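In what follows, a single structure is set out as structure tokens and then discussed.
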Amino acid sequence: MQDIFEWGVAMKRSSGILLNIFLILFGFTAVFFSFEGNQKLLVSLLDDLTGGEKEFVEMSYFMGDDLTYHNGRYFSWDGERISYLDHNSATLWSRTFLFDEPNLKIEGGRIAVFNKEGEIYVYNSEGKEIFTIDMEDKIFDARILDGDVGVHLKNDKGETIIVYGPDGTEKLRNEYSDEIPLGYWKDEKGELKFSVIDTADGEILSKLYSENEQEPIFSVVDELILKTFSYGNGSIILTDEGIKLFKSNEIKWERDFPLIKDVAVDGTDIYVLYGDNLEVLDKTGQTIKKLTNPIEYKGLHNHGRYVIMYGNRDIEALRDGEIICSNSTGGRIKGLTSQFNDLIITMEEGVSVMRIKDAEKKEQEDEQ
């Protein structure tokens with residue numbers, strides 16, 4: 001009897017240890033895939049498991065104005081009230097803002113509501129207030145930067161950009177009196193970049209700053225620096241005239257593209273959308289493929305190992321420079337995001353959640 005009792009105690013301890021190991025692994029997995037880069041890695045791995053002909057398949061659709069999808073749920077905004085709803089449209093929580101002309105920014109489950117008079121409120125996806133600030137200057141714009149919050153202020157003396165951390169702590173403050181901030185963003189490595197215009201010498205001088213540098217890391221005359229994209233050990237700089245490969249503090253090569261719209265980087269391939277054309281470049285800047293689009297497209301989006309090209313209503317998935325599948329949405333497209341292997345298409349009339357699947361598999365699912 002004593003042996004049986006000791007055996008039962010040992011089994012109970014083993015079960016407890018196994019449960020703790022499972023909970024630790026589950027928590028690690030949840031944290032790991034909470035980052036967008038790791039979500040894209042999962043999409044890429046899932047893509048590699050299947051082959052053959054592909055097609056867009058709509059998994060779900062949420063109808064309504066000013067909706068933002070988030071992990072199977074979505075935010076609704078009516079100009080005063082923000083509501084968080086589940087997939088059955090049941091309200092999980094809501095907040096109402098009574099100040100004049102509130103503006104809303106949402107990204108990655110972080111919500112910022114602000115007005116021009118200087119008030120800003122920041123919430124998480126559970127509706128918990130993270131921080132609130134009443135600024136002395138007018139807020140020109142605000143944006144979510146991978147959990148951080150950037151605020152662009154203006155007054156009679158100049159402009160200021162302040163970046164707050166996830167808890168509301170001020171991380172960075174840039175004040176401009178003689179220069180004009182054109183834009184700011186985080187690149188794929190999570191580093192803040194700033195584009196600034198200087199017209200003091202009677203010419204347009206566009207400067208690129210990094211959060212870790214006091215002096216500009218790159219300057220160009222008569223072009224506007226719009227964005228940067230990480231590319232190996234360097235960066236692709238997008239301007240209103242074309243693109244440049246910036247590496248080791250110098251320009252390695254540059255290409256001009258008329259009416260340039262967007263850029264996407266996929267491995268060593270560089271996709272450039274301009275006019276009614278799409279070109280794919282190699283690491284030396286040489287064209288390896290060129291497509292002329294029969295309809296107008298306005299942007300590019302990385303979705304796992306696919307590059308999505310989208311227009312007002314149409315989308316195409318490309319891989320290795322080849323069009324894999326196409327689709328025409330029922331509404332006017334405002335923007336695209338990715339969550340795991342879901343492609344989230346935000347439209348003026350609602351949100352469509354799509355996946356890229358094998359055509360044969362889709363047919364089998366329909367038959368069942």
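None of the values given here were measured: they were computed from a predicted structure.
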Practice item. Kindly indicate, with the supporting measurements, whether the criterion salt bridge (charged side-chain N to carboxylate O under 4.0 Å, His left out) is fulfilled by K54 and D358. Key: CA-CA 5 Å; K54 305 286 185 179; D358 290 343; 2.8 Å; yes
Exercise for review: Check the pair L145, Y184 against side chain to side chain contact (heavy atoms under 4.5 Å, CB included), reporting the backbone distance first and the verdict last.
Suggested key: CA-CA 9 Å; L145 303 164; Y184 60 101; 3.9 Å; yes
Practice item. Could you please spell out the steps behind the side chain to side chain contact (heavy atoms under 4.5 Å, CB included) verdict for I111 and V122? Key: CA-CA 6 Å; I111 306 111; V122 180; over 6 Å; no
Review point. Yes or no on salt bridge (charged side-chain N to carboxylate O under 4.0 Å, His left out) for K357 and E53, after CA distance, side-chain angles and deciding distance?
Key: CA-CA 8 Å; K357 289 190 172 185; E53 186 179 349; over 6 Å; no
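For F229, there are no ring pair (Phe, Tyr, Trp, His ring centres under 6.0 Å) partners at least two apart in sequence or on another chain. Residues satisfying the side-chain contact (heavy atoms from CB on, under 4.5 Å) criterion with S219, sequence neighbours excluded, are L205, K207, P216.
A salt bridge is absent between K289 and D320: the closest approach of a Lys/Arg side-chain nitrogen to an acidic carboxylate oxygen does not fall below 4.0 angstrom. Between E211 and K171 there is no salt bridge, since none of the side-chain N atoms of the basic residue sits less than 4.0 Å from a carboxylate O of the acidic one. Taking the charged nitrogens against the carboxylate oxygens, K116 and E101 have no contact shorter than 4.0 Å, which rules out a salt bridge. By the 4.0 Å N-to-carboxylate-O rule, D146 lies too far from K186 to be salt-bridged with it.
A pairwise comparison of heavy atoms in I106 and I82 identifies CD1-CD1, 4.0 Å as the closest pair. Taking each heavy atom of R73 and L85 in turn, the nearest pair found is CB-O, 3.1 Å. Residues I260 and T239 come closest through the heavy atom pair CG2-O, 3.5 Å. When all heavy atoms are compared, the tightest approach of S195 to I225 is OG-O, 2.6 Å. Considering every non-hydrogen atom in both S94 and R81, the closest pair reads OG-NH1, 3.1 Å. The two atoms that bring E58 and S352 nearest to each other are OE2-OG, 2.5 Å, heavy atoms only.
With hydrogens and angles disregarded, no donor-acceptor distance shorter than 3.5 Å links the side chain of R313 to the backbone of N327. Looking only at distances, no side-chain donor or acceptor of N293 sits under 3.5 Å from a matching main-chain atom of I295. The main-chain N or O of G275 is found under 3.5 Å from a side-chain atom of K261 such that the two form a donor-acceptor pair. D342 places no side-chain N or O within donor-acceptor distance of the main-chain N or O of I344, the cut-off being under 3.5 Å. For R255 (side chain) and G285 (main-chain N/O), a donor-acceptor pair under 3.5 Å exists by modelled atom type. Side-chain atoms of D86 come within 3.5 Å of backbone atoms of N88 as a donor-acceptor pair (strictly under, hydrogens ignored).
Side-chain contact, T292 with N277: a donor N or O sits under 3.5 Å from an acceptor N or O.
Each of M354, M309, H301 was evaluated against I315; a single residue qualifies, M354, per the side chain to side chain contact (heavy atoms under 4.5 Å, CB included) test.
Inter-residue side-chain proximity for N174 and P181 is flagged as unmet; no heavy-atom pair is nearer than 4.5 Å. Counting heavy atoms from C-beta outward, W185 and K193 have side chains that approach closer than 4.5 Å.
Between H303 and Y306, the ring-plane angle classifies as parallel under the 30° and 60° cut-offs. Taking the six-membered ring for Trp and thresholds of 30 and 60 degrees, W93 and F75 have ring planes more than 60 degrees apart, a perpendicular arrangement.
At most 12 non-hydrogen atoms from other residues, nucleotides or ligands lie less than 6.0 angstrom from CG of D178. With a 6.0 Å radius and a threshold of 12 heavy atoms from other residues, nucleotides or ligands, E250 has its CD atom above the threshold. Heavy atoms from other residues, nucleotides or ligands lying under 6.0 Å from CG of D134 number more than 12. When the shell of 6.0 Å around CD of E136 is examined, it contains 12 or fewer heavy atoms from other residues, nucleotides or ligands. Residue E296 qualifies as open at atom CD: its count of foreign heavy atoms under 6.0 Å is 12 or below. More than 12 non-hydrogen atoms from other residues, nucleotides or ligands lie less than 6.0 angstrom from CD1 of I251.
Sorted by first and then second residue, the pairs that involve residues 263-293 and meet ring-ring contact (aromatic ring centres under 6.0 Å, His included), not counting sequence neighbours, are F257-Y274. Within the structure, the side-chain hydrogen bond (donor to acceptor under 3.5 Å, both in side chains) test picks out the following pairs touching residues 156-170 (sequence neighbours left out): H152-E159, D167-T169, E170-R173.
The six-membered or imidazole ring of Y74 lies near that of F62, with a centre-to-centre distance under 6.0 Å.
Residue F140 shares its hydrophobic cluster (ILVMFWY side chains chained together at separations under 4.5 Å) with no other residue. Through direct or relayed side-chain contacts under 4.5 Å between Ile, Leu, Val, Met, Phe, Trp and Tyr, L259 connects to no other residue.
The CD1 atom of I270 sits 5.5 Å away from atom CG of L281, with the distance rounded to the nearest 0.5 Å.
I162 and Y176 sit in two unconnected hydrophobic clusters of ILVMFWY residues. Membership requires side-chain heavy atoms under 4.5 Å apart, directly or through other members.
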